Protein chains: 2
Amino acid sequence: MTSELDPKQQYDAKKYRTPDGIPADIVMFTLTRQERRAATKSLPRFDLKVMLIRRKSWPFAGAWALPGGFSQESESLYETARRELKEETGVDEGHLEYLGVYSTPGRDPRGWIISHAFFALVEEWVLEKRQAADDAQTVGLFTVQEALHELELAFDHREILQDAYRKIQEQMLQTTIAKQFLPEHFTLSELYQVIQTVVPDFAELNFIRKITSTRSRQGILEEARSEEGVPLLSNQYSQRPAQLYKFTDFTPRLSIYT
Amino acid sequence: MTSELDPKQQYDAKKYRTPDGIPADIVMFTLTRQERRAATKSLPRFDLKVMLIRRKSWPFAGAWALPGGFSQESESLYETARRELKEETGVDEGHLEYLGVYSTPGRDPRGWIISHAFFALVEEWVLEKRQAADDAQTVGLFTVQEALHELELAFDHREILQDAYRKIQEQMLQTTIAKQFLPEHFTLSELYQVIQTVVPDFAELNFIRKITSTRSRQGILEEARSEEGVPLLSNQYSQRPAQLYKFTDFTPRLSIYT
DNA sequence: GCAATAGTGTCTGTTAGACAGTATCTA
DNA sequence: TAGATACTGTCTAACAGACACTATTGC
């Protein structure tokens with residue numbers, strides 16, 4: 001117990017066996033958009049994808065792995081993850097969130113290596129640029145389903161990816177992270193598509209009305225207006241122009257009892 | 001990047017500086033009950049308390065700290081936390097959940113020490129027994145408010161406690177952890193008191209009716225019945241017997257959009 | 001006019017929220 | 001019978017869910 005070691009022991013923690021490394025691994029999600037060929041304008045098809053890197057060397061040479069790297073003494077783990085995200089993608093902003101710790105003995109054949117998983121939400125072009133710079137053999141962008149069920153993943157990265165997928169689904173419904181996958185102003189159909197892409201069994205027939213006209217949910221979104229107060233519309237995805245919305249900074253508190 | 005180290009480097013991770021220790025610290029919550037003196041039977045007053053240990057030696061000698069201890073190579077961090085919980089309280093079951101990692105450089109003057117916080121929900125008698133075995137000078141049971149605002153806490157344990165408090169409040173509303181603070185069968189007033197103790201600004205005037213007679217929430221609770229199907233009642237806290245309930249294993253999915 | 005998205009109308013049954021009122025039991 | 005908890009009644013406004021219907025505009 002920390003509090004009951006004698007002073008000698010506390011000074012010399014190195015007398016114990018200590019870990020061989022503390023990496024941060026990052027699940028980088030992105031939402032890709034593919035135009036559908038249709039008679040008129042239509043919403044693109046979305047896919048939730050994850051970036052993986054093919055390992056070159058032992059262990060798990062040839063398998064796909066989450067990008068990541070070891071933490072240094074001078075930085076917190078969040079800073080490690082930020083740094084790795086920057087190194088991998090070139091961007092130093094965007095949503096980055098802690099996921100959890102993976103410490104099962106034997107998870108890494110190189111030694112006692114405790115990994116911290118993060119997940120990031122990055123824009124499509126970022127990962128595509130990264131992929132273009134390298135070989136498609138080296139960097140891959142896969143749908144979550146492919147990555148989970150069709151690829152050989154290194155270490156316990158399948159478990160990490162599974163946890164990350166569960167977490168992003170939860171967050172998509174309970175927070176406003178959807179904004180990470182949308183431009184500042186967006187239509188309600190776009191928002192609905194984003195939610196459905198991440199959480200396929202999310203279904204709301206009266207989505208538009210529920211968002212716009214129920215008092216208890218007012219405050220999550222607000223209409224986008226020009227400086228003169230004129231409502232902003234978009235006909236990017238439809239013939240009929242649609243009202244644009246933006247997120248406020250309000251997130252309601254959820255409860256199973258209310 | 002993990003995947004781009006050459007084989008030599010990967011074999012000898014020890015050539016890098018590695019952490020001096022990876023402890024698990026545990027925020028042990030309990031709910032204490034104090035009978036109120038009243039003319040007739042009445043509900044007890046509840047308090048959410050946390051167990052702290054007074055440090056004997058450098059660093060932070062004399063300050064209060066979360067119980068915890070260093071992880072070993074042969075165990076996962078969850079197992080470390082379980083083991084510490086057992087060592088501190090004598091019980092090897094009960095709710096134990098991961099909270100997060102604390103790795104700000106300099107957080108521990110002893111060296112590069114990355115701490116993993118857990119929180120546990122234990123029964124009142126467990127901590128009282130522990131406290132009786134030691135000195136009140138050594139082991140303390142404080143309300144969260146006291147611990148956060150009136151005590152000198154070691155390391156970054158105030159931040160950890162603050163995070164744990166936020167998390168338990170969220171969990172209390174969004175999951176069924178309330179069951180950890182209740183007997184198997186309980187009255188709705190008891191449940192309401194438990195929720196309110198952890199989340200003081202939770203207020204529902206029609207709590208009983210909302211829980212029992214709204215279809216969308218059916219499934220969280222069910223009436224406790226004897227084997228013959230007779231509803232079980234309790235008059236422990238009231239003259240008029242109250243229906244007993246128990247949790248099912250169902251937890252609804254929450255969403256800000258529905 | 002057709003195709004596609006963007007909404008609105010309408011109906012029924014359920015729920016929220018406020019608050020008054022009744023029920024039950026024992027000290 | 002007083003005091004405490006345990007409910008139930010009642011009313012209004014809001015909401016959910018289903019589905020039909022209208023609106024807009026480029027092609």
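Keep in mind the model is a prediction, meaning the values are calculated, not measured. Sequence lines set the chain letters: A, B, ... in the order given, protein chains first and strands last, and positions in each chain run from 1.
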Counting distance only, does the side-chain N/O of [X] pair as donor-acceptor with the main-chain N or O of [Y] below 3.5 Å?
X: B:R45; Y: B:R33; answer: no
X: B:S238; Y: B:P241; answer: no
X: B:E146; Y: B:T143; answer: yes

Between [options], spot the one nearest the side chain of [X], thanks.
X: B:Q243; options: D:dT25, C:dT26, D:dC7; value: D:dC7
X: B:I208; options: D:dC7, C:dG7, C:dC25; value: D:dC7
X: A:A242; options: C:dC25, C:dG7, C:dA16; value: C:dG7
X: B:K210; options: C:dG17, D:dA16, C:dA3; value: C:dG17

Assert: residue with more 5' nearest nucleotide on DNA chain D, out of A:R209 and A:R240, is A:R209
Separation of [X] atom [atom1] from [N] atom [atom2], in whole Å?
X: A:L205; N: C:dT12; atom1: CG; atom2: P; result: 19 Å
X: B:N235; N: C:dA27; atom1: CG; atom2: C1'; result: 13 Å
X: A:Q236; N: D:dT25; atom1: CD; atom2: C1'; result: 16 Å
X: A:F186; N: C:dT5; atom1: CZ; atom2: P; result: 19 Å
X: B:I211; N: C:dT14; atom1: CD1; atom2: P; result: 19 Å
X: B:Q193; N: D:dT5; atom1: CD; atom2: C1'; result: 11 Å
X: A:Q239; N: D:dT25; atom1: CD; atom2: C1'; result: 5 Å
X: A:F207; N: D:dA18; atom1: CZ; atom2: P; result: 16 Å

A:H157 side chain to A:E159 side chain, donor-acceptor N/O pair below 3.5 angstrom: no
Side-chain-base donor-acceptor pair under 3.5 Å for A:R36 and C:dT5: no
Check if the side chain of A:N206 and the base of D:dC15 share a donor-acceptor pair of N or O atoms closer than 3.5 Å. no
For A:Q243 versus A:A224, what's the shortest heavy-atom pair and its separation? NE2-O, 3.2 Å
Heavy atoms only, 4.0 Å cut-off, all strands: where does A:S42 land among base, sugar-phosphate and nothing? sugar-phosphate
Look at all strands and tell whether B:L188 reaches a base, only sugar-phosphate, or nothing, counting heavy atoms closer than 4.0 Å. nothing
